[in-house]
Structure formats: structure tokens, C-alpha cells
There are 2 protein chains.
Amino acid sequence: MRRKTIEEYIETIALLEEREGRAQTGAIASNMGVKPPSATEMLQKLEQAGLIHYESYDGAVLTGPGRRLADELTEKHRTITDLLDILGVEHGQADLDACQIEHHVSAGTVERLADFVEFVGSDEAAGEFVRRFRSRYR
Amino acid sequence: MRRKTIEEYIETIALLEEREGRAQTGAIASNMGVKPPSATEMLQKLEQAGLIHYESYDGAVLTGPGRRLADELTEKHRTITDLLDILGVEHGQADLDACQIEHHVSAGTVERLADFVEFVGSDEAAGEFVRRFRSRYR
DNA sequence: TGATCCCTTTAGGTATACCTAAATCAGGTC
DNA sequence: GACCTGATTTAGGTATACCTAAAGGGATCA
């Protein structure tokens with residue numbers, strides 16, 4: 001498999017923290033498809049980088065900057081899945097693609113995508129337009 | 001900078017081959033922002049992988065499989081820039097984003113994007129719809 | 001033909017995300 | 001309070017894309 005980025009670790013930690021109050025080494029590792037020692041190593045790096053607070057044998061929680069990064073990523077992710085959804089991509093697939101794309105698209109571009117998603121949701125004719133597209137290319 | 005993938009090397013080689021008949025080590029390196037020895041190393045790997053035909057001191061050209069991969073990537077790239085264009089992303093930025101996204105989006109999803117691009121281009125009301133979006137979120 | 005110059009390759013080293021195996025810790029049980 | 005057990009960390013090693021420095025090839029020109 002591909003090497004994981006800092007951002008992917010941060011997302012996983014955010015998910016686990018939300019679900020269980022903190023992110024433990026083993027849970028991070030199994031969620032990301034790596035072995036526990038790899039997770040430990042990254043946790044130490046992320047602590048150094050100031051993105052998490054990490055206690056040995058205890059787990060990690062996001063710091064302020066870590067939380068901000070996680071929120072940005074979540075927002076990007078949601079925008080991208082919403083767009084792919086509009087374009088008729090099956091939801092599970094949209095989610096998988098978003099996991100990748102979110103790390104490689106610029107902030108400005110995501111804003112435009114968000115504008116479009118909002119436009120489609122708010123505009124009467126837009127819904128009709130999207131339905132027509134979907135029915136034509138089913 | 002980030003590490004380059006095989007796909008990025010293939011794209012650069014395709015570009016240079018089209019422009020100059022073959023892709024030379026130095027040109028590849030400067031196009032990709034790496035040093036010549038790094039390019040040499042990758043060329044040897046790509047030759048092993050059967051994606052290029054490479055002669056020492058002479059340069060590389062794509063093989064059949066290499067050409068097919070390059071064409072797929074070009075097609076993905078074009079689809080993504082077209083879509084971002086429709087969504088109002090500035091063209092240079094769209095191109096940069098496409099360079100990244102194309103390596104991380106699934107084939108099936110790109111097909112849906114292509115459908116949408118085609119729909120917008122072929123449907124009367126669609127063009128109108130897109131114009132309205134663009135003028136509202138200028 | 002031999003010298004020169006530019007480009008490419010080889011040699012050897014770095015950084016980083018991953019691994020396995022072994023050591024360490026913490027919490028529950030006797 | 002000593003012991004077990006399962007999770008975590010440490011130690012040490014691999015793969016890979018990158019680098020710098022040095023060696024080698026090929027074309028041109030005297």
C-alpha cells in the first residue's frame with residue numbers, strides 16, 4: 001500500500017478521539033492498515049510537530065492546531081463527497097475518492113466546489129438540472 | 001517537495017517525447033524539479049517495468065504499455081481540468097490541481113466527471129445553468 | 001588525433017515510512 | 001504484593017526516492 005501522510009494520521013486520530021475520547025496506538029494502526037510500531041513512531045512525530053498531545057501507553061488527543069487541521073480536512077472531505085454525489089458517483093466510492101483527493105486539491109479550488117454545491121442546493125432550477133443529468137447518464 | 005510517482009515520470013516523458021522525439025535525462029530532471037541522477041535511476045526502473053525503452057546516454061521513449069498509461073493519464077487530466085473550468089476555477093490553477101488529482105481519483109469516478117462535462121457541453125439548458133452559477137459566484 | 005566541454009551515469013549517503021522481534025508497561029487476578 | 005496477559009514501545013533493519021561528488025561517454029574543434 002501507499003505511504004500514509006501526516007494528514008491521514010490526523011484524520012484518523014480525530015475520528016477516534018470523537019468516538020472514544022482519545023486515539024490509542026493500536027486503534028490508529030488497525031484503522032490505517034499499519035502495524036502498531038509505525039503508529040507509535042508517527043505519534044512521536046506529530047507530538048513534536050505540536051499537532052497532538054501524546055502520552056506514552058495512553059494515547060493521543062489533538063491540540064488546537066491539530067484540531068484546526070482536522071476540521072479543515074473534514075470540511076474538504078465533505079465538500080468533495082457532496083460534489084461527487086451531485087455528479088452521480090456512488091456514495092461509498094465518492095467517500096473513498098474524497099479520502100484521496102482532499103489531500104491533493106488546493107484550498108481555493110475547494111472553495112469553488114463548495115460554491116457549486118451550495119448553488120445546486122439552493123437554486124430551484126438546479127435540482128431539476130441535476131435530475132436531468134442523472135437520468136440521462138444513469 | 002513531495003516524492004514523485006511513476007505516473008508523474010511517465011507523463012513528463014510523454015510530454016518530452018511529443019515535443020522532441022525522445023525524453024532526455026536532463027530535460028526530465030529539470031521539468032520535474034529533481035537532479036539528473038534521480039531521473040537516471042527512475043528511467044532504469046521504468047525500463048525494468050516495461051513502460052519505456054531506455055538507452056544509456058540517449059534517452060527514453062514510451063513502449064506500448066507506457067503509451068497506454070500516458071494516454072489514460074492525459075485523458076483523466078483533461079477531464080478534470082474541463083470540470084474545474086466549468087466550476088469556475090481559474091485555468092492555471094485548474095491545471096495544477098488536475099496534475100495532483102488525476103493520480104488519486106478512481107477510473108469510475110472520472111467517467112462520471114466526463115459524463116457531466118459532456119452533458120454541460122451538449123445540453124442547451126445546462127450551459128445556461130452554468131452561466132448563471134458563474135455570474136452569481138463570480 | 002587529441003583536448004575540451006557538456007551531459008549522463010555510477011558510487012555512496014540521507015530521510016522517512018514501514019516492518020519484525022524483543023523488551024517494557026499497566027491493570028486485573030490469585 | 002507477585003504474576004499474567006495484552007497492549008505499547010524500543011531496537012534494529014528494509015525499501016525507495018532523493019541528494020552530492022566523482023567518474024565516464026560523445027560530439028566538436030584545433
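Numbers restart at 1 for each chain; the letters A, B, ... are given by sequence-line order, proteins then strands. For clarity, every value in this text was computed on a predicted model and none was experimentally measured. We use all heavy atoms of the structure for the numbers below, so side chains are in, but hydrogens, waters and symmetry mates are not.
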* NA contact type, Ser38(A), heavy-atom cut-off 4.0 Å: base, sugar-phosphate, or nothing? -> base
* By nearest nucleotide on DNA chain D, pick out whichever of Thr5(B) and Glu41(A) is the more 5' one. => Glu41(A)
* Asked: Nucleotide range of DNA chain C contacted by chain A, 5' to 3', under 4.0 Å to a heavy atom?
  -> dT16(C) to dC25(C)
* Less than 4.0 Å between a side-chain N and a carboxylate O, is that true for Arg132(A) and Asp123(B)? -> yes
* Using only side-chain N and O atoms of Ser56(A), determine if any of them is under 4.0 Å from OP1 or OP2 of dT8(D). => no
* Pick the nucleotide of DNA chain C nearest each of Pro36(A) and Tyr54(B); which residue has the one closer to the 5' end? -> Tyr54(B)
* To do: May I ask you to check whether Tyr137(B) and Phe133(B) place their ring centers less than 6.0 Å from one another?
  => yes
* With sugar-phosphate meaning primed atoms plus P, OP1 and OP2, does Gln24(B) contact a base, only sugar-phosphate, or nothing at under 4.0 Å between heavy atoms? -> sugar-phosphate
* Gln44(A) side chain near dT9(D) phosphate (N/O to OP1/OP2, under 4.0 Å) -> no
* Regarding Thr109(A) and Asp97(B), is there a side-chain donor-to-acceptor distance under 3.5 Å anywhere? -> yes
* Do we see a donor-acceptor contact under 3.5 Å between the side chains of His77(B) and Glu72(B)? -> no
* Whole Å only: how far is the CD1 atom of Ile28(A) from the C1' atom of dT9(D)? -> 14 Å
* Hey, which of these two, Arg3(A) or Gly33(A), hits DNA chain C nearer its 5' end, going by closest nucleotide? -> Arg3(A)
